[in-house]
Protein chains: 2
Amino acid sequence: MRPKLNDVAAKAGVSVTTVSRVINNYGYLSQGTKDKVFRAMKELNYQPNSLARSLHGKKTHLIGVIFPSIVNPFFAELVEQIENRLFNSGYKIILCNSADNREKERDYLRMLIANQVDGIIAGAHNLGIDEYNRVGLPIVSFDRLFSDKIPIVSSDNFRGAALATKELYQAGARHIYFLGDPHQTGNPTDLRLQGYQKTIAKLQLTTHVHTINFTESPTLKSLSIKKLLAKRYADGIVCTDDLTAILVLRAAQELKISVPQELKVIGFDGTSFVQEYNPELSTIVQPIHDIASLLVSILVQRIDQPDKPLEQMRYVLPVKLLRNRSTFPFEE
Amino acid sequence: MRPKLNDVAAKAGVSVTTVSRVINNYGYLSQGTKDKVFRAMKELNYQPNSLARSLHGKKTHLIGVIFPSIVNPFFAELVEQIENRLFNSGYKIILCNSADNREKERDYLRMLIANQVDGIIAGAHNLGIDEYNRVGLPIVSFDRLFSDKIPIVSSDNFRGAALATKELYQAGARHIYFLGDPHQTGNPTDLRLQGYQKTIAKLQLTTHVHTINFTESPTLKSLSIKKLLAKRYADGIVCTDDLTAILVLRAAQELKISVPQELKVIGFDGTSFVQEYNPELSTIVQPIHDIASLLVSILVQRIDQPDKPLEQMRYVLPVKLLRNRSTFPFEE
DNA sequence: TCACACATGTCAATCGTTTATCACATATTT
DNA sequence: AAATATGTGATAAACGATTGACATGTGTGA
């Protein structure tokens, strides 16, 4: 049987109250008793039961983290950063992969509430806004619009896409395509599309949007990409994420289209992972570390001071252009 | 304030006992009251407080999942599969990235115990065996030796490396290198190294082990790999993981060494991710789905029937060779 | 020596749910 | 008519820790 407060008290030869005082550090305590209690705790390998503490009104130090999947390196790196920072603040995460599945997401939300998590970081949603509003818990969102009660952290998607488009233009491309899934409403892709469109207009070029379903398998995506490239019309492609960009590079290689001479490609996300294993890809880098820091610090603040109003409800973080060989032949 | 059992009872016009009976489905109950109670629960959007239930001795339905990192696609896919299967069995996971950090791992272990998780799936460890043995919880390990009390699930690492070596030989390689970190004791890499060595001996060739530190950055790994390739001696490389293999392919490309003509490369892991984005890589495929299923089913069994002894303590799952262009010029 | 900070103890209520024990119905069998 | 099955309620004791109220010391400075 696991030792309880009682056992520690007995072992240390003090009362439970004293032990509790030591653990929670309040009231008057002599160094002597503190030592005795700590020693007893160590000897018994005692761990206070979180459930009992939380039931009494203390925090659970659990945070629900909802993302569609962790296989995508962008989410993997973001979740890992979030986990790290939350750990340093004394929180543990319950990982919820919504898998773009309404039911699963709903179930998770229910479970999180039942488990009395202290807060939620959400980077996915298929549910109605209502269901999130009714949660009654501190929530912070990454890049998704939930409601005006829930703060959003995101990258500067508009500017990112604009930067990407300009980069292709500067590299000499004139038939610049946008490759992504523009039908995901409430998603950042919208803003990226707008950034692309506005920039194309400013450059007095024509927009070309090639739709690609995000939930499709890479194989099917590749097929669609090859069909596009086979026309040999596009000479620049703005991709809404790095993985799609990698598929474009591979398709170009297969079709013997030289990059960047005949075709310039740029991605979006800029994870360390992709940069390490596909260093030729130019991309728009999202500041993953800053995103994670901000998400965590906002959430922790909401938890610790629920009444203190937030200064902002939208935090837009700057992105960076990372130029590599997929847009310019030589590295700078 | 969140509704409690009490509120539901009042709303439904029955006693708390009855509501509890409905929720936990025991004793005699008429359909009528059940309906009344369910309706009240729905109307109040009632969720039983997990903490209180668990405190009373019920399960927490929380599982600690400890891996070094989720950025590696192999771990990402494995964790995602584990999460999926546990979710289907009604469990949530607390994700613990140990980051190869003793202290962090120890802290997590403490937290997991304090949170009364029902069990642990561990795919990493830097701590002593003792600390895991003292946990007193159902634990299942992936590919790491903890103790003889803790069941291990792993792929057939020995045979995988043997298969890989033979594949390179069949493809014509005679100077076959082993690229990995053979100094990670208690790790699967040991068995992979042995599989390589035994096979090389059988083929009457000479072993060549090129050590590469796993915790190094890909950039540093690449440097080390280029040094090896520049000698133009190796004509076949068995990599202990796919990511390293990708670095080898890239290095070869830079050095204008043709693959597979001059150099044959094979990886290990066979994640969907790598296969989708690096389809030219031959590899040894670990059965991620089976591993996840087995880990979860063993753990759930240990949780539900702690006294029932396990039939086995070591489960070795078969691996498969996936032949691609990095070993043979044409796909089969 | 009196007041007060310091140090510890006793006791009991509390968090929200579970569950056992009785009690008391009504219904259905024998 | 007696025995048993079915359905519900009231009550209270757990689960393990927290915390407030109150009591009772010691030491110390004024």
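The figures here come from the full heavy-atom set of this structure, side chains too, leaving out hydrogens, waters and symmetry mates. Numbered from 1 within each chain, the chains take letters A, B, ... in sequence-line order.
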_Parallel, tilted or perpendicular: rings of Phe273(B) and Phe273(A) (30°, 60°)_ = perpendicular
*Does a side-chain N or O from Asn24(A) land closer than 4.0 Å to OP1 or OP2 of dT18(D), or not?*
yes
*asked:* I want to check something: taking the side chain as every heavy atom from C-beta on, are Val16(A) and Arg21(A) in contact at a cut-off of under 4.5 Å?
replied: no
*asked:* Any side-chain N or O of Lys58(B) below 4.0 angstrom from OP1/OP2 of dT19(C)?
replied: yes
*Among dT18(C), dT19(C), dT21(C), the one nearest Ile23(B) by side-chain distance*: dT18(C)
*Roughly how many Å is it from CG in Asn115(A) to P in dC15(C), rounded to a whole number?*
20 Å
*What does Leu5(B) touch in the nucleic acid at a heavy-atom separation under 4.0 angstrom: a base, only the sugar-phosphate, or nothing?*
base
*Using a cut-off of less than 4.0 Å, is there contact between a side-chain N or O of Tyr28(B) and OP1 or OP2 of dT6(D)?*
yes
*Using a cut-off of strictly less than 4.0 Å, decide whether Ser54(B) has a side-chain nitrogen or oxygen near OP1 or OP2 of dT17(C).*
no
*State whether Ser30(A) places a side-chain N or O below 4.0 Å from either non-bridging phosphate oxygen (OP1 or OP2) of dT8(C).*
yes
*Within less than 4.0 Å of OP1 or OP2 of dT8(C), is there a side-chain N or O belonging to Thr18(A)?*
no
*Looking at Ser20(B), does any N or O in its side chain come under 4.0 Å of the phosphate oxygens OP1/OP2 on dT18(C)?*
yes
_Output the rounded distance in Å from CG (Leu51(B)) to P (dA14(D))._
22 Å
*Taking atom types as they are modelled, is there a donor-acceptor pair under 3.5 Å from the base of dG16(C) to the side chain of Arg2(B)?*
no
*Is any side-chain N or O of Tyr46(B) closer than 4.0 Å to OP1 or OP2 of dT17(C)?*
yes
*Calculate the interatomic distance between Arg21(B) atom CZ and dT6(D) atom C1'; express it in whole Å.*
11 Å
*For residues Ser155(B) and Ile291(B), determine if any side-chain heavy atom of one lies less than 4.5 Å from a side-chain heavy atom of the other.*
yes
*Can you tell me the distance, in whole Å, between the CG atom of Leu55(B) and the P atom of dC15(C)?*
14 Å
